[in-house]
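Heads up: the structure comes next, in structure tokens.
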Amino acid sequence: MTVDPAAVADRLARLRARIAAAESAAGRPPGSVRLLLATKTQDAETIRAAVVADAGAPHPVLVGENRVQELVAKGPQLRDLGVTTHLIGPLQSNKVNAALRWASCIESVASLDLAQRLAARASGVEVYVQVNVSGEPTKHGVAPGDAVELARAIGALDGLRLGGWMTVGANSPDASVVSAGYALLRSLRDEVVASGAPGTADARELSMGMSGDLELAVAEGATLVRVGSALFGARPA
Ligand SMILES: *Cc1c(COP(=O)(O)O)cnc(C)c1O
């Protein structure tokens, strides 16, 4: 793949401006929202162009990979780039060791069984609880009604750190439906953090919002948006 670093830099500048405008529109301080690059199918050279172009941004950019196999393949190059890498796709239990080798945060934890397997490695890895706020059957994540109990159980585990919450927003043309899902994730976060349950006090991150709807997510309190196509272009179907 050939990358045009100038084009990547241009799209990144526009993306950073979009995030800044969304923060401002929501009455939130500049720099409240971090950017995670959703880099599935992108090669290391393209990722490098984006990371280099983003130097000097309010927060260092994060990288998120969906598949452990791809994470492992790009792992050494991502490490050389010095970026922090998150896993944002589902993790099968037989791939836990590989994921822990290359990702410092697993955003896709949706079962106590997986959390226990991660905790058993005593890696101190950060995890987010992924919630399926829309209930769409194709989406990964714990049901909203089970999310508080799961978060409390994960918080009680030694060997990992509960850092926040993740969701993929509703696939709906109706902005109010998408926003309601993001507001739901925020209210689950607030309920658990306020509960005082052990290990939940720092579970403040809200990873929500993508290329098409990041403004809605920032308005509902996102602390981290995950963006792919707005930066890298549409993925081949
Ligand atoms: C691909 C992906 C994104 C980014 O989606 P875009 O619409 O390309 O910005 C965010 N989160 C997850 C989990 C993804 O798989």
Side-chain angles (χ1 to χ4, degrees), residues 1 3 7-8 10-19 21-22 33-43 46-47 49-51 53-54 61-71 73-74 78 83-92 95 99 102-111 114 126-142 147 163-173 175 177-179 181-182 185 205-237:
M1 183 186 288
V3 287
V8 172
D10 183 55
R11 284 198 293 258
L12 191 59
R14 277 187 273 163
L15 176 58
R16 283 291 190 183
R18 248 182 97 185
I19 293 170
V33 181
R34 291 187 294 161
L35 172 61
L36 176 143
L37 305 180
T39 51
K40 55 179 171 273
T41 76
Q42 303 301 328
D43 63 16
T46 305
I47 299 169
V51 170
D54 202 49
V61 78
L62 305 165
V63 164
E65 286 288 344
N66 285 72
R67 293 191 182 80
V68 174
Q69 205 179 341
E70 210 177 323
L71 174 70
K74 294 182 217 168
L78 293 173
V83 292
T84 298
T85 303
H86 290 191
L87 183 71
I88 61 173
L91 175 57
Q92 282 151 9
K95 300 208 169 109
W102 299 110
S104 62
C105 177
I106 312 295
E107 295 198 12
S108 50
V109 176
S111 73
L114 175 60
E126 183 173 21
V127 302
Y128 297 172
V129 174
Q130 182 170 356
V131 183
N132 183 356
V133 293
S134 68
E136 289 164 26
T138 54
K139 287 199 163 86
H140 182 68
V142 65
W165 304 78
M166 188 269 251
T167 197
V168 176
N171 185 12
S172 169
V177 170
V178 180
S179 290
Y182 291 148
L185 194 69
E205 298 288 339
L206 289 176
S207 175
M208 56 190 199
M210 319 201 303
S211 294
D213 64 7
L214 70 88
E215 285 82 2
L216 301 176
V218 170
E220 296 299 340
T223 64
L224 197 166
V225 293
R226 306 180 309 270
V227 179
S229 52
L231 186 59
F232 301 118
R235 284 175 293 275

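The chain is numbered in sequence order, starting from 1. We count ligands from 1, going down the list as the structure has it; atoms in each ligand are counted the same way.
Of all protein heavy atoms, the one closest to atom 10 (C) of ligand 1 is M210 SD, 3.1 Å. In terms of protein heavy-atom proximity, atom 11 (N) of ligand 1 is nearest to R226 NE, 2.9 Å. The nearest protein atom to atom 9 (O) of ligand 1, hydrogens excluded, is given as S211 OG, 2.5 Å; this is a heavy-atom distance. Distance from atom 13 (C) of ligand 1 to its nearest protein heavy atom, with residue and atom name: I88 O, 3.6 Å.
Not a single N or O atom of V168, backbone or side chain, sits closer than 3.5 Å to an N or O atom of ligand 1.
For the atom pair CD1 of I19 and CD of E215, the computed distance is 9.0 Å after rounding to the nearest 0.5 Å. Rounding to the nearest 0.5 Å gives a distance of 8.5 Å between CG of L78 and CH2 of W102.
By the salt bridge (Lys or Arg N to Asp or Glu O under 4.0 Å) test, D213 pairs with no residue at all, sequence neighbours left out. Contacts of R11 classified as salt bridge (Lys or Arg N to Asp or Glu O under 4.0 Å), with partners at least two apart in sequence or in another chain: none.
Residue V227 approaches ligand 1 through these ligand atoms, each under 4.0 Å from one of its heavy atoms: 9 (O). Close approach of ligand 1 to S229 (heavy-atom distance below 4.0 Å) involves ligand atoms 6 (P), 7 (O), 8 (O), 9 (O). With ligand atoms numbered from 1 in the order given, ligand 1 contributes 1 (C), 2 (C), 3 (C), 14 (C), 15 (O) to contacts under 4.0 Å with heavy atoms of K40.
Checked by atom type and distance alone, the side chain of T167 never pairs as donor or acceptor with a backbone atom of M208 at under 3.5 Å. In this structure, K139 contributes its side chain and G169 its backbone to a donor-acceptor pair below 3.5 Å.
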